[in-house]
Colleague: 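Before we start, here is the structure in question, set down as C-alpha cells.
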Amino acid sequence: MNHHAVVIGAGPAGLATSQELGRQGIEHVVLERGEALGHTWANLYSSLVLHTGKHLSSLPGLSFPRTTGQFPSRHDFLHYLHEYGRRFNLPVRTGADVETVERADGQWRVRTRGGAELTAPVVVMATGIVSNPYTASIPGRPRFAGRVLHSVEYRRPDGHAGRRVLVVGAGNSAGEIAAELAAAGAHVAVAVRSGARVVPRDLFGVPIQYLAVAISRFPRHVQQSGAAAMARAAGLARGPAVLPPPPQTRCSDVPLIGFHLVDAIRAGAIRVRGGVAAFTPTGVRFDDGRDEPFDDVILATGYRAAVGMLGDLIRIDGCGFAVRTGRVTSADQPNLYFVGHNYDTRGALRNIAQDARLIGRLVASNS
C-alpha cells in the first residue's frame, strides 16, 4: 500500500506529527503497535504525574481542558491523547507493530509483524524510548532468587508491602517509584552510582519548567549554572543534599524533579546505597563490597531510542539517539525524520510539539 508518509508510533510524538502533516495537506498513515493509540501511556505506572505544566505540555492545536490540574496525571494525559486523535480524525492504524524499515528504489518500505507492507517516500520515526528499556548487564542475575523487573514493568505498589526492595537508579521514575513503595510499607533502598541534581517541581506554584524555558535562550553553561543555583537554593531551604551530585555530561541533563525521594531519605524511609556490582543468591553486592538481602530489585535504568527496526541504516550518537542534522532530520538517510529525540529541561512534550511543527513544514516544502 502506498502513502506519501508513514509515521511510526501513535503516542504524543506520532499524534502531534500526524496533526501537523494533515494541516499541511500531506497524505499519511500512523502505525501503532498497540491496540489503541497511546499504548505506552496506557501501560505506565498508575500514579505517574507529568513534571511539566499543562500549558507547555499540550500538542499542536489542542489545549488541555480547564478542569485538568496544573500537572496532568497519566489518566488525564491518556484521555487527552484519545481526544486529540478523535478531534483531528487522525489516520491511526492500531495493531501494526513495525518489524523492519528499509530503503528500496528511492522509497521506504515498512513491514509489520502481521505481514503488511507499506511504501512511502517519507518516514517519520515517532517510536519514543519507553518501548526500548535499557537494562544494564549486572553479573550474577540468573542466581538471584528474588524478583527482578524494569521500571517500565512496574504498575503499583500492591504486593510489595513488607518486602525488601532495591530500586536501581536516581532518575525521575526511580524517585517516584521508590517513594511510592516506601509509603506503601516496603523496606526500600536506592542504588545511586552517578548522582542526581534535585530541583523543585514548582516555585510558588509556577512549574520549574517555565523558568527552564525562559533561560533556554542563553548558552548551555548559563543554563547549567542557573539549574545548579536552583538546586543550591532548594538545598538551603530543605537541608544538606542526601544524594551525590551528578557528573558533568554533554548529553541531556534532566534533573530529579520534586522532593518526594529526598524527603523520604531524610525521614529514614529510604536508604541510599552505591552502585550495584553483582547479584548474589539472596540480594546484591554493592561497589563498596557490602552484601545486602533483597526480595525485589527494580531496575530504573532508563531507556534508549526505539529505532532498532532501522538496522544499520542510521548511526546512533553518544547519547543514544539518531544522528541528525538540526533537530529532526536524519544525517544518514533522505526523507527520514525523528520526533521525540530531544530531551532537556524545557520538557519532552514541549519539544515534541516543536519538532512536529518543524517536520510538517519540512515534508510540505519537499513535496
Colleague: For a side-chain contact (heavy atoms from CB on, under 4.5 Å) check, start with the C-alpha distance between R361 and Q24, then their side-chain angles and the critical distance, and finish with the verdict.
Modeller: CA-CA 7 Å; R361 293 195 299 269; Q24 296 284 355; 4.0 Å; yes

Colleague: Is there a side-chain contact between L256 and R197, using heavy atoms and a 4.5 Å cut-off?
Modeller: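 Side-chain contact under 4.5 Å: no.
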
Colleague: Under 4.5 Å between side-chain heavy atoms, counting indirect links through other Ile/Leu/Val/Met/Phe/Trp/Tyr residues: same cluster for F338 and V123 or not?
Modeller: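 F338 clusters together with V123.
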
Colleague: Flag yes if V167 and I265 sit in one hydrophobic cluster, no otherwise; membership is Ile, Leu, Val, Met, Phe, Trp, Tyr, and two members link when side-chain heavy atoms are under 4.5 Å apart.
Modeller: yes

Colleague: Step through the shown structure and confirm whether more than 12 heavy atoms of other residues, nucleotides or ligands are within 6.0 Å of NE2 on H79.
Modeller: no

Colleague: Do the non-hydrogen side-chain atoms of Y80 and L59 ever get within less than 4.5 Å of each other?
Modeller: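 Of all side-chain heavy-atom pairs linking L59 with Y80, at least one is under 4.5 Å.
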
Colleague: Please give me the minimum heavy-atom distance between P60 and E20, naming the atom from each residue.
Modeller: CB-OE2, 3.3 Å

Colleague: Without hydrogens or angle criteria, can the side chains of N335 and N366 be said to hold a donor-acceptor pair below 3.5 Å?
Modeller: no

Colleague: Say whether, by atom type as modelled, one donor and one acceptor occur between the side chain of D317 and the main chain of V323 under 3.5 angstrom.
Modeller: no

Colleague: Going hydrophobic residue to hydrophobic residue with side-chain gaps under 4.5 angstrom, can you get from V7 over to Y84?
Modeller: yes

Colleague: Can you tell me how far CG of L349 sits from CD of Q354, rounded to the nearest 0.5 angstrom?
Modeller: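 With rounding to 0.5 Å, CD (Q354) is 13.0 Å from CG (L349).
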
Colleague: Using the test ring pair (Phe, Tyr, Trp, His ring centres under 6.0 Å), find all partners of Y303 that sit at least two apart in sequence or belong to another chain.
Modeller: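 With neighbours one apart ignored, the set is H150.
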
Colleague: Is there a side-chain contact between Q333 and R103, using heavy atoms and a 4.5 Å cut-off?
Modeller: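 Side-chain contact under 4.5 Å: yes.
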
Colleague: Would a 4.5 Å heavy-atom cut-off, applied to side chains only, mark V6 and V122 as touching?
Modeller: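 Not in contact.
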
Colleague: What pairs of residues pass the side-chain hydrogen bond (donor to acceptor under 3.5 Å, both in side chains) test when at least one of them lies in residues 273-283, not counting sequence neighbours?
Modeller: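 Sorted result for residues 273-283: R273-E292.
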
Colleague: Rounded to the nearest 0.5 Å, what separation is found between the CD1 atom of I8 and the CG atom of L31?
Modeller: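 Output value for this atom pair is 6.5 Å.
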
Colleague: Does T68 have any side chain to side chain contact (heavy atoms under 4.5 Å, CB included) partners at least two apart in sequence or in another chain, and if so, which?
Modeller: K54, F64, P65, P72, D76

Colleague: F71: which other cluster members, linking ILVMFWY side chains closer than 4.5 Å, directly or transitively?
Modeller: V49

Colleague: Flag yes if V101 and I359 sit in one hydrophobic cluster, no otherwise; membership is Ile, Leu, Val, Met, Phe, Trp, Tyr, and two members link when side-chain heavy atoms are under 4.5 Å apart.
Modeller: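 No, it is not one cluster - the side chains of V101 and I359 are not joined through contacts under 4.5 Å.
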
Colleague: Can you tell me how far the OG atom of S330 sits from the CG atom of L336, to the nearest 0.5 Å?
Modeller: 4.5 Å

Colleague: Excluding sequence neighbours, so at least two apart, what forms side chain to side chain contact (heavy atoms under 4.5 Å, CB included) with A277?
Modeller: D287

Colleague: Using every non-hydrogen atom in the two residues, find where I314 and A322 come nearest and quote the distance to one decimal.
Modeller: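 Scanning both residues completely, I find the closest heavy atoms to be CD1-CB, 4.1 Å.
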
Colleague: Can you tell me how far apart NE2 (H28) and OG (S18) are? Round to the nearest 0.5 Å.
Modeller: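 Between atom NE2 of H28 and atom OG of S18 there are 2.5 Å.
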
Colleague: Report the residues that fulfil side chain to side chain contact (heavy atoms under 4.5 Å, CB included) with A10, sequence neighbours left out, ordered by chain and then residue number.
Modeller: L15, V30, E32, L37, V92

Colleague: Please determine, by modelled atom types, if E27 and H3 share a side-chain donor-acceptor pair under 3.5 angstrom.
Modeller: yes

Colleague: Measuring only between side-chain heavy atoms, which start at C-beta, is N2 closer than 4.5 Å to Q107?
Modeller: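 The answer is no, as the side chains (C-beta and beyond) never meet within the 4.5 Å cut-off.
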
Colleague: Does the pair V307 and F321 meet the rule for a side-chain contact (heavy atoms from CB on, under 4.5 Å), with working shown?
Modeller: CA-CA 9 Å; V307 293; F321 295 100; over 6 Å; no

Colleague: The criterion is side chain to side chain contact (heavy atoms under 4.5 Å, CB included); which residues satisfy it with E117, sequence neighbours excluded?
Modeller: R109, R111

Colleague: Under the ring pair (Phe, Tyr, Trp, His ring centres under 6.0 Å) rule, what pairs show up with a residue in residues 36-55, not counting sequence neighbours?
Modeller: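 Non-adjacent pairs meeting ring pair (Phe, Tyr, Trp, His ring centres under 6.0 Å): W41-F77.
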
Colleague: With heavy-atom distances below 4.5 Å as the criterion, would you say the side chains of M125 and L310 are in contact?
Modeller: yes

Colleague: T17 versus Y337: any side-chain heavy-atom pair under 4.5 Å?
Modeller: no

Colleague: Using a side-chain heavy atom cutoff under 4.5 Å and only I, L, V, M, F, W and Y, what cluster partners does L299 have?
Modeller: I138, F144, V148, L166, V168, V276, F279, V284, F286, F294, V297

Colleague: Can you confirm whether V165 sits close enough to L181 that some side-chain heavy atom of one is under 4.5 Å from a side-chain heavy atom of the other?
Modeller: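 A side-chain contact exists here, since the closest heavy-atom pair is under 4.5 Å.
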
Colleague: Taking all non-hydrogen atoms of both residues, which atom of A182 and which atom of I270 are closest, and how far apart?
Modeller: CB-CG1, 3.8 Å

Colleague: Check the hydrophobic clustering (I, L, V, M, F, W, Y; side-chain heavy atoms under 4.5 Å; chains of links allowed) and say if V130 and I316 are grouped together.
Modeller: no

Colleague: If you apply the rule side-chain contact (heavy atoms from CB on, under 4.5 Å), what do you find for V272 with L243, and how did you get there?
Modeller: CA-CA 8 Å; V272 179; L243 293 171; 4.3 Å; yes

Colleague: I'd like to check the side chain to side chain donor-acceptor pair (under 3.5 Å) partners of R66; sequence neighbours left out, ordered by chain and number.
Modeller: none

Colleague: Please round to the nearest 0.5 Å and tell me the distance separating atom NE2 of H160 and atom CZ of R163.
Modeller: 7.5 Å

Colleague: Are Y154 and E180 close enough that a side-chain donor and a side-chain acceptor fall under 3.5 Å?
Modeller: yes

Colleague: Test: side-chain hydrogen bond (donor to acceptor under 3.5 Å, both in side chains). Region: residues 133-142. Which pairs qualify, not counting sequence neighbours?
Modeller: none

Colleague: Quick test of your reading: applying salt bridge (Lys or Arg N to Asp or Glu O under 4.0 Å), list the pairs with at least one residue in residues 38-52, sequence neighbours left out, ordered by first then second residue.
Modeller: none

Colleague: To check you understand the geometry: which heavy-atom pair defines the closest contact between L21 and A5, and what is its length?
Modeller: CD1-CB, 4.3 Å

Colleague: Which atom names give the shortest non-hydrogen contact between A170 and G195, and what distance separates them?
Modeller: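 Closest heavy-atom pair between A170 and G195: CB-O, 4.2 Å.
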
Colleague: Distance alone, cut at 3.5 Å: any donor-acceptor contact between the side chains of T329 and R324?
Modeller: no

Colleague: Supply the atom-to-atom distance R304 CZ to I129 CD1, rounded to the nearest 0.5 angstrom.
Modeller: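 CD1 of I129 is found 9.5 Å from CZ of R304.
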
Colleague: List the atom of I352, the atom of A13, and the distance in Å for their closest heavy-atom pair.
Modeller: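 Looking at all heavy atoms of both residues, the shortest contact is CG2-CA, 3.6 Å.
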
Colleague: Run the side-chain contact (heavy atoms from CB on, under 4.5 Å) check on S47 and R156 step by step: do they pass?
Modeller: CA-CA 7 Å; S47 61; R156 54 188 62 85; over 6 Å; no

